[in-house]
Amino acid sequence: MSDESTEKIVIKKPFRFKFYFTIAIVVFLIFGSAYFAGFNVYEVITNLGQTFRLLDKLFLPPAWDYTERIIGPLFETVQMAIVGSFLGAIVAFPVSLFAADNFIENKYVNTPVRFILNIFRTIPALVLAALFVAVFGIGSFAGIVALFIFSFGLISKLTYESIEAIDYGQVEAIKSLGANKLEVLRYAIIPQVLPQFMSYTLYAFEVNVRAAAVLGYVGAGGIGQTYERNLAMRYFDRVGMIIIVSFFAVLIIDVISRNIRKRLV
Amino acid sequence: MIKLVNVSKTYKNGTEALKNINLEIYEGEFVAILGLSGAGKSTLLRTINQIIPVSSGNILFENVDRNTFEMYGDNPDKTIEYMNSKGLEINKEDLDLEVVDITKLKGKKMRKMRSHIGMIFQSFNIIKRMSVIQNVLSGRVAYNPTWRTLLGIFPEKDKQIAFRALKKVDILEKTYGRASELSGGQMQRVAIARSLAQQAKILLADEPVASLDPITTFEVMEYIKKVNVDDGITTIANLHHVDLALKYATRIVGVRDGQIVYDIEVKSKKNNEIIDDLEMVYGRPISDQDYVGEE
């Protein structure tokens, strides 16, 4: 069947006010922020020459022979990340049980625990590190404590959400056997969330390696501290080498960890 | 053996799932509960082991030993004799038999009571990331101290109970396999073995075959029937299919809108007459969808 009429059909398109309004706001925010932050494109272009000069100093060539002196701090960085995420995970698991409303069925417990976890998660690792350097003094210990708190917040949040998403039928079945709370945990909850939990711990480790590389800047140990010292002394070729080594170290750890995580879940 | 007295359940959202249920179940029966989805069958079953607490009413278990919460059913002498024949050496003088109201129990006593009531589910609810034997041994949790069950170290006696349970449902060759690798029918058989390992006197089956294909359905129903007849386990099963109820159950209870509207011994009436009666339970004629079909 075909349409007999040849008259042109005209439907007035509605004016999409919301759409244009959103664009206007976004544009205003970007330009407004740039203006207040004192950013302008002209300066970026005129300073391009200086940027190239710096890149030249950093990488052409980098201080290849400095590599062996970087390895030590680099390992310290990775160790900080390992200890921080491991401790964070150990503390995170029991706490996430209290945040999960299908394990502790009491919102007067869940809500405050979640509130505290949210606070831990909002503080950036760098701020935590600056705080702990003030408390424990300069060195990797402050960095480890910062990473521990940071990973604790991250892992517990993800874990309690996983616990809440488990198949409750298995919990019901274990309960019907006459099991107590700990036995329900052992038989119905842990088998279901363990792979995810391990994956979150590895993820926290990945994030921590990246964070740990920067923490030294506030004196919390690791490669960042070496970086900061060389930059202050204007040894740009050494700084370039540090950037190269850190980049590859982070890349390799990310690839390995991501592969393990894929296999876990 | 079990007596529900004026049992009502209203959920937090205001749904009245059960309205003043009175029901008595006798030892050794195979009771099929029929009714439309949402009629309250699942709630009814779950109140019996108090996985869902009642809003009001009592659920009484007769001849329960006050110390162990072991159930001695309608005829304790016979039960003791049977248990002794299995080498358990029980002396009637040592027992303290009384009527226990499960709705009044709390904490440890509640768990002890529950451990004598087996339950299987439509979605099997076995722990897929554990081995078959661990799943069956989990039926022994309430019989062992917590430290043992948390470490997963069960005594040889319990392992023998678990092996015998697996043998009963003919799945002994999968003992050390991972539960996730089993088919649906095999998973349900493992779940039955878990209930057997509990040495439960009562089995609650919530739509045990609803997610199985017709052939496996009859297979699993045969095992449930076998457990019911051989081991004298009183069975209460929510079923979807009328022909399954007529074939396996000794009694049919019809539930509609949270009330018991029908209750009959299967032997006491002709099958087609029961089917006619069931139209009243379903509120519509019984059709092909209510049958699994021929075996």
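So that the names make sense, note that chain A is the first sequence line, chain B the second, and so on, each numbered from 1.
Atom CZ of A:F136 is surrounded by more than 12 heavy atoms from other residues, nucleotides or ligands within 6.0 Å. Remark: A:F86 CZ is loosely packed, at most 12 non-hydrogen atoms of other residues, nucleotides or ligands lying under 6.0 Å away. Around CZ of A:F15, the count of heavy atoms belonging to other residues, nucleotides or ligands within 6.0 Å exceeds 12. A 6.0 Å sphere centred on CD1 of A:I138 holds no more than 12 heavy atoms belonging to other residues, nucleotides or ligands. Other residues, nucleotides and ligands contribute more than 12 heavy atoms inside 6.0 Å of the OH atom of A:Y217.
When all heavy atoms of A:G178 and B:A142 are compared, the pair lying nearest together is O-CB, 3.8 Å.
In terms of non-hydrogen atom pairs under 4.5 Å with chain A, the most contact-rich of B:I126, B:I120, B:V141 is B:V141.
Looking at A:I190, there are no atoms closer than 4.5 Å to chain B (heavy atoms on both sides), in backbone or side chain. Proximity to chain A (any heavy atom under 4.5 Å) is restricted, for B:L151, to the backbone atoms N, CA, C and O. Both the backbone and the side chain of B:L150 come within less than 4.5 Å of a heavy atom of chain A.
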Under 3.5 Å, what donor-acceptor pairs does chain A form with chain B?
{"from": "A:G169", "atom 1": "O", "to": "B:N125", "atom 2": "ND2", "distance (Å)": "2.9"}
{"from": "A:E172", "atom 1": "OE1", "to": "B:R46", "atom 2": "NH2", "distance (Å)": "3.1"}
{"from": "A:E172", "atom 1": "OE2", "to": "B:R46", "atom 2": "NE", "distance (Å)": "2.8"}
{"from": "A:N180", "atom 1": "ND2", "to": "B:T146", "atom 2": "OG1", "distance (Å)": "3.1"}
{"from": "A:E183", "atom 1": "OE2", "to": "B:T149", "atom 2": "OG1", "distance (Å)": "2.8"}
{"from": "A:R186", "atom 1": "NE", "to": "B:L150", "atom 2": "O", "distance (Å)": "2.6"}
{"from": "A:Y187", "atom 1": "OH", "to": "B:T149", "atom 2": "O", "distance (Å)": "2.8"}
{"from": "A:P191", "atom 1": "O", "to": "B:R129", "atom 2": "NH1", "distance (Å)": "3.1"}
{"from": "A:Q192", "atom 1": "O", "to": "B:R129", "atom 2": "NH1", "distance (Å)": "3.1"}

